[in-house]
Asks: 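Take this structure, written in structure tokens, and hold onto it; I'll ask about it next.
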Amino acid sequence: MKISVNGESEKILGGTLMNYIINKGLKPDAVIVEYNYKLIKKAEWENILLKKNDNLEILSIVGGG
Amino acid sequence: MEDELLKIGDRVFKNRLFTGTGKFASKELIPSMLEASGSELITVALRRVDFSSKTENILDYIPENITLLPNTSGARTADEAVRIARIAREAGCGNLIKIEIITDMKYLMPDNYETLLAVEILVKEGFVVLPYVLPDLPLAKRLEEAGAAAVMPLGSPIGSNRGLETASLIEMLVENCLVPVIVDAGIGRPSHAAKAMEMGADAVLVNTAISSAEDPAIMGKAFSLAVKAGRYAYLAEIAQESKLAVASSPLTGFLR
Amino acid sequence: MSFYKIIEEFKNFDFNGYFKKVTDEDIRKTLLKEKLSYKDFLNLLSTKAQDHLEIIANRAHKSTVQYFGRVINLFMPLYISNYCSNECIYCGFNKKNRILRKKLSFKEIEEECREIAKTQIRHILLLTGGDRAASPPEFIREAVKILKKYFSSISIEVYQMDENEYLMLKNAGVDGLTIYQEVYDEEIYSKVHLSGEKRDYLDRLDAPERGAKAGFRMVNTGALMGLGETRSEAFFCGMHAKYLDDKYLDTEISISLPRLREAEGGFKPNFCISDKSFVQFMLACRLFIPRAGLTVSTRESPELRDRLIYLGATRLSAGSRTGVGGYAGKKEENTPQFVISDNRSVDEIVSTLKAKGFQPVFKDWELF
């Protein structure tokens, strides 16, 4: 199914949000996720099943002035 | 010589040099810079993850006791800044936030108007808000009224390294603001930082000048010393002035 | 060339007219400048400037600290003779006044020195009345030699001398000359100096310059405020000091603006000068000539003198006696040249200065 991740369209097979993050090769502690424009605490990632047209913003803290 | 601690929100700082994590050649240079400079607060930003590169957690390079100041860089409106602030807090960065709203891509001037809007919203949500602005006294007073924890006037446009072009405007803020005045942007040399502190600024924020130096640790130390020098110079003048009467015309009031 | 040339240029200058036209904007512009012109000086002397006194005072204080540090030089006057052949109607030593005339012997001078040397003072202002016959230059020279044994710096305030005489005294160890024009207005000058050598206006006017030429390290000029119209007199005081300051680069110039007090004989000043104006004039001088010293005598009250150290003053007399001798404890009724307001001892003044964050300096010059 298609979801939107960081403004780009992506095809995934489904699964939980946590699955998605791990499969992407991301460290859960290093990223923040907005799921459908809402901030989701890490504890909840296991409980969210991704569905069609979901919108994910995956952010991290980076260097900045 | 004793200086009073700098109070911002519920934090206190002994070191009046604030630093940033931007533009380091490598993140490994950050810990030694922090150690050499003694800086107790460092800015970070929020960005979309770049999937093509490894996610490194910049927080791994920042010791636990250093206060994080996430900024809202990238935001072009108050709403975007608010969103970033909430994300940053959620990410565990604490409740400090530097508002940086830039719509002008040519000079990178902050949008003072949107910044005021963002401050009003975020203060109500319990953030400790530090707005980055073009120095403007009436605006600064509004920011104060809205509950900003400090005001961060720019010294000169980001990246220009022209030092305190806005010195006379910053002076106005120093003289009239009740909240701390933290000079940000445009500080290219330790002497700029010393000058800002001599003028009475409460702190300075220096990022690029340190991170892009050949040796950020040494440059960080240089800035730290400059900030101390400027601060002591300022305190020395204040100490003498307080010997005279607290009256509004201490020198000639007796002649009335 | 004489300073008189400058006085002539202002002979027909309408001071009152100029002062009336000074605006707030003029004052602001003046205060933005580093180097002040004579017009800026006039602006600062105008009534308008009194509305800006605190800002002017601030600048003057900063300038003083910048050029002089937080330092006050202290000195003591020693009168060794009050014989006078001049008839100056404002002065206690006026030859027509029936006062006890006295001249110290060298022994007495030495006693005075010993007494003064018990204080921390090391800088003496040696004074005589205006009588050449009674206290000739040689007498003064011998007195100076005695003083030299006890003190490191000696200035003289005596009758007008020529350049050779000044040179002679300089070689004997005098390093400073104090001589006041008293009043720059020629007409008034002739009205208050009725007879005697001092009546010669031009000779008096050029005396400080002769002193500078002779090589005195320090020359102190001034006018007796109250004899003439105060603003224009303050103007000429400043202009005279500036003239000397610019022309004689190796001479330290100092200005005094002594306010006329009632002397024996009861002369009352023709013109009034309030504390406010007095302070204003000092501040104006300070800004006009940043490197000139400003001397304040004990004519002024302790309270005012304590304020004046923040308002440009750099030299104060301390523990003064203005009668002849007077330090070595002789109980004679000795007519003072003027009545002293600040009767504090040297130690008292020293403590006050230190409490206010100033360093009292007794000795800032030692001739090799």
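Just so we're on the same page: letters track the sequence lines, and every chain starts at 1.
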Asks: Out of curiosity, B:Arg83 CZ to A:Leu59 CG, how far, rounded to the nearest 0.5 Å?
Replies: 6.5 Å
Asks: From A:Ile61 CD1 over to B:Arg47 CZ, what is the distance, rounded to the nearest 0.5 angstrom?
Replies: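 Going from CD1 on A:Ile61 over to CZ on B:Arg47, the span is 12.5 Å.
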Asks: I need the B:Asp60 CG to A:Asp29 CG distance, nearest 0.5 Å.
Replies: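 CG of A:Asp29 is found 9.0 Å from CG of B:Asp60.
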Asks: Which atom names give the shortest non-hydrogen contact between B:Ala45 and A:Gly63, and what distance separates them?
Replies: CB-O, 4.0 Å
Asks: With a 4.5 angstrom heavy-atom cut-off, is it the side chain or the backbone of A:Ile32 that approaches chain B, or both, or neither?
Replies: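 For A:Ile32, the contact with chain B is made by the side chain alone.
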Asks: CZ of B:Phe51 to CD of A:Glu8: how many Å apart, nearest 0.5 Å?
Replies: 9.5 Å
Asks: So which of B:Ala91, B:Ala185, B:Ser73 has the largest heavy-atom pair count under 4.5 angstrom toward chain A?
Replies: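 Highest number of heavy-atom pairs under 4.5 Å: B:Ala91.
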Asks: Search all heavy atoms of B:Arg86 against all heavy atoms of A:Leu39 and return the closest pair with its distance.
Replies: O-CD1, 3.2 Å
Asks: Just wondering, more than 12 heavy atoms not from A:Glu10 lying within 6.0 Å of its CD?
Replies: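 Count over threshold, so yes.
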Asks: What part of A:Lys41 gets within 4.5 angstrom of chain B, counting heavy atoms only: side chain, backbone, both, or neither?
Replies: both
Asks: Which atoms of A:Ile58 come close to chain B, meaning under 4.5 Å heavy atom to heavy atom: side chain ones, backbone ones, both, or neither?
Replies: both
Asks: Does any non-hydrogen side-chain atom of B:Leu46 lie less than 4.5 Å from one of A:Val62?
Replies: no
Asks: Just checking A:Lys24: does its NZ atom have more than 12 heavy atoms from other residues, nucleotides or ligands closer to it than 6.0 angstrom?
Replies: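 Enclosed: over 12 neighbouring heavy atoms sit under 6.0 Å from NZ of A:Lys24.
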Asks: Could you tell me whether the side chain of B:Ile87 reaches within less than 4.5 Å of the side chain of A:Glu34, counting heavy atoms only?
Replies: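 A:Glu34 vs B:Ile87: side chains touch.
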Asks: Distance-only, no hydrogens or angles: does the A:Ser60 side chain make a donor-acceptor pair with backbone N or O of B:Val49 under 3.5 Å?
Replies: no
